[in-house]
Number of protein chains: 2
Amino acid sequence: MNSAFDDLSMNEEEENSNERMARRFHIDEEGPVAYKSKNLVAERKRRQKLSDRLLELRSLVPIITNMNKATIIIDAIRYVGELQKCVGDLSNQLLQMEAASVEEPKMQIDAINAAEEMKKWGIEPEVKVTQIDGYKLWIKLVYEKKRGGFTRLMETMSVLGYEFTDTSVTTSKGAFVITACLEGINGGMLEAEQIRELLLEITRSM
Amino acid sequence: MNSAFDDLSMNEEEENSNERMARRFHIDEEGPVAYKSKNLVAERKRRQKLSDRLLELRSLVPIITNMNKATIIIDAIRYVGELQKCVGDLSNQLLQMEAASVEEPKMQIDAINAAEEMKKWGIEPEVKVTQIDGYKLWIKLVYEKKRGGFTRLMETMSVLGYEFTDTSVTTSKGAFVITACLEGINGGMLEAEQIRELLLEITRSM
DNA sequence: GTTGACACGTGAGGC
DNA sequence: TGCCTCACGTGTCAA
């Protein structure tokens with residue numbers, strides 16, 4: 001029996017099965033033990049809730065090195081990192097596959113023209129991401145105009161759970177200029193920096 | 001209140017409680033400021049480590065409802081769930097796309113899918129043009145989503161001397177929904193009705 | 001004997 | 001006021 005988690009694994013069982021609790025009180029006074037704090041039961045409940053949450057979190061993480069509270073969190077951290085990286089890789093792969101399957105030689109000429117014109121006017125590609133609040137982002141994009149680029153952008157962000165609001169799009173001198181508000185539909189799962197890198201990769205892969 | 005410790009101190013009478021009593025014996029009425037335990041600092045370090053891990057975990061989760069320890073874990077749990085679902089969806093899409101990429105007329109399938117989905121949801125293609133003043137128009141477009149459609153639209157209007165301002169673009173249920181202000185760069189050479197027919201032709205030819 | 005991990009009760013401080 | 005959250009020092013058990 002792993003006694004370290006005897007309290008955690010105890011569910012809706014009466015808690016006086018825990019002997020340590022009873023044993024720790026001085027019995028030098030007769031009668032029931034008098035507690036000084038009324039906070040006792042609340043604190044007990046709080047601790048149990050936290051432990052339950054920790055166990056719940058642990059149940060989501062597949063790889064477990066230890067049952068320790070600290071290692072549970074460590075494993076969760078690593079797992080979240082892996083998941084995030086996995087999401088990025090997958091969406092990139094998806095993107096590349098889409099790009100490869102749509103490719104046509106005629107569009108490349110267009111792209112070259114766009115690139116030349118951008119250079120001629122001294123327009124630099126640009127990706128700017130600003131966090132407005134937890135699930136809202138403001139982005140500004142400047143990149144080479146290419147057919148289907150905007151659709152691809154919207155599709156990718158939609159897959160990642162982001163919606164475009166307050167969008168403004170302009171093409172000028174071979175460049176696409178986009179400013180928009182990104183709103184995370186289910187809370188926004190990525191950091192601004194991650195979004196930025198993703199957008200960079202999208203605009204670059206076109 | 002039923003205390004959990006009313007009679008439990010008596011129902012266990014094993015002999016090793018003697019040594020516990022002996023161990024506890026030197027704990028008398030405590031001195032003024034004398035720490036009894038040697039593992040005080042160790043415990044302190046352990047607590048701090050756990051808190052740091054919790055904070056580190058929190059830094060990975062984008063949506064934060066509260067700084068509480070419990071809510072940090074709750075948010076992490078929900079976030080992990082979202083990520084897992086996201087990975088599942090993405091890999092599904094990737095798989096589906098791999099299967100679809102074996103066929104050659106892929107873009108047509110996309111178009112057919114979009115058309116079907118629009119029909120399923122009862123979405124009708126729509127072109128609305130309203131003159132605001134001599135060189136300003138407001139347009140609303142609903143048409144089948146197709147790769148490069150938006151870019152083509154912008155290019156055409158640009159050639160005709162119109163610029164997009166205050167553009168809003170959304171894709172939903174296989175449809176492209178666009179509302180925008182068209183501003184004639186050199187005064188606006190076309191009437192609203194002509195623009196409407198032109199837009200109809202563009203959306204139809206895609 | 002030592003070390004690490006845990007739950008416990010308690011007081012402080014925030015809303 | 002009272003409830004809630006936290007850090008603290010401590011006792012207990014296992015490796």
Side-chain angles (χ1 to χ4, degrees), chain A residues 1-29 31-58 64-76, chain B residues 1-6 8-58 64-76:
Chain A
M1 220 25 138
N2 190 352
S3 78
F5 266 64
D6 48 358
D7 300 277
L8 289 181
S9 54
M10 180 175 56
N11 43 0
E12 61 260 10
E13 193 75 14
E14 58 171 2
E15 61 249 284
N16 56 8
S17 69
N18 195 338
E19 10 186 318
R20 293 212 306 261
M21 204 172 358
R23 220 182 293 255
R24 56 184 299 111
F25 291 102
H26 300 81
I27 334 171
D28 47 2
E29 311 169 16
V33 186
Y35 292 111
K36 305 175 182 177
S37 176
K38 307 172 214 170
N39 197 21
L40 199 152
V41 284
E43 179 66 14
R44 227 179 279 176
K45 257 172 102 174
R46 173 184 162 269
R47 272 196 302 259
Q48 189 192 347
K49 183 164 70 181
L50 211 146
S51 294
D52 286 349
R53 296 285 140 76
L54 218 59
L55 272 196
E56 195 178 343
L57 176 64
R58 194 192 67 89
I64 304 156
T65 60
N66 208 344
M67 273 292 229
N68 293 343
K69 280 178 164 182
T71 40
I72 285 177
I73 303 184
I74 286 185
D75 291 341
Chain B
M1 271 303 186
N2 54 348
S3 173
F5 339 92
D6 25 21
L8 250 158
S9 51
M10 292 307 183
N11 64 353
E12 287 235 358
E13 71 285 3
E14 76 278 6
E15 60 276 11
N16 57 4
S17 75
N18 295 339
E19 66 182 47
R20 286 204 196 95
M21 288 297 263
R23 180 178 288 229
R24 200 169 18 171
F25 182 60
H26 67 284
I27 304 171
D28 208 351
E29 289 296 328
E30 76 280 358
V33 195
Y35 291 127
K36 309 162 189 173
S37 181
K38 301 175 204 169
N39 74 333
L40 197 154
V41 285
E43 177 66 12
R44 230 178 279 181
K45 259 172 97 175
R46 172 184 163 269
R47 272 196 301 259
Q48 190 193 346
K49 185 163 69 180
L50 211 144
S51 292
D52 288 349
R53 297 284 141 78
L54 219 58
L55 227 25
E56 193 178 343
L57 176 64
R58 193 189 70 89
I64 304 156
T65 60
N66 208 344
M67 272 292 227
N68 293 341
K69 283 180 167 179
T71 40
I72 286 177
I73 304 184
I74 285 186
D75 291 341

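Rounding to the nearest 0.5 Å places CG of A:N66 at 10.0 Å from CD1 of A:I74. In this structure, CD1 on A:I72 lies 6.0 Å from CG on A:L55, to the nearest 0.5 angstrom.
In this structure, A:L54 places its CG atom 9 Å from P of C:dA7, rounding to the nearest Å. The distance between atom NZ of B:K49 and atom P of C:dC6, rounded to the nearest whole Å, is 10 Å. One atom, CZ of B:R47, and another, C1' of D:dA7, lie 6 Å apart when rounded to the nearest Å. If you take NZ of B:K45 and P of D:dC8, they are 14 Å apart, rounded to a whole angstrom. Remark: C1' of C:dA7 and NZ of B:K69 are 13 Å apart, rounded to the nearest angstrom. If you measure from atom CE of A:M67 to atom P of C:dC6, you get 10 Å, rounded to the nearest angstrom. What separates CD of B:Q48 from P of D:dA7 is a distance of 10 Å, to the nearest Å. B:R46 has its CZ atom 12 Å from the C1' atom of D:dA7, to the nearest Å.
Comparing the helix axis at one end of the helix from C:dT2-D:dA15 to C:dC15-D:dG2 with that at the other, each defined from 5 consecutive pairs, gives an inter-axis angle of 0° (nearest 10°).
One donor-acceptor pair, N or O on each side, does fall under 3.5 Å between the base of C:dC6 and the side chain of B:E43.
DNA chain D is contacted by both B:S51 and A:A42; A:A42 maps to the nucleotide lying nearer its 5′ end (nearest heavy atom per residue).
Residues meeting the side chain to side chain contact (heavy atoms under 4.5 Å, CB included) test with B:I64, sequence neighbours left out: B:R58, B:D75. Residues passing the side chain to side chain contact (heavy atoms under 4.5 Å, CB included) test with B:D52, sequence neighbours excluded: B:Q48.
You'll find that the side chain of B:R44 is closest to D:dG9, out of D:dC6, D:dG9, C:dC8.
Side chains of B:I73 and B:L54 form a contact here, defined as non-hydrogen atoms less than 4.5 Å apart.
The shortest heavy-atom contact between A:A70 and B:L50 is N-CD1, 4.4 Å.
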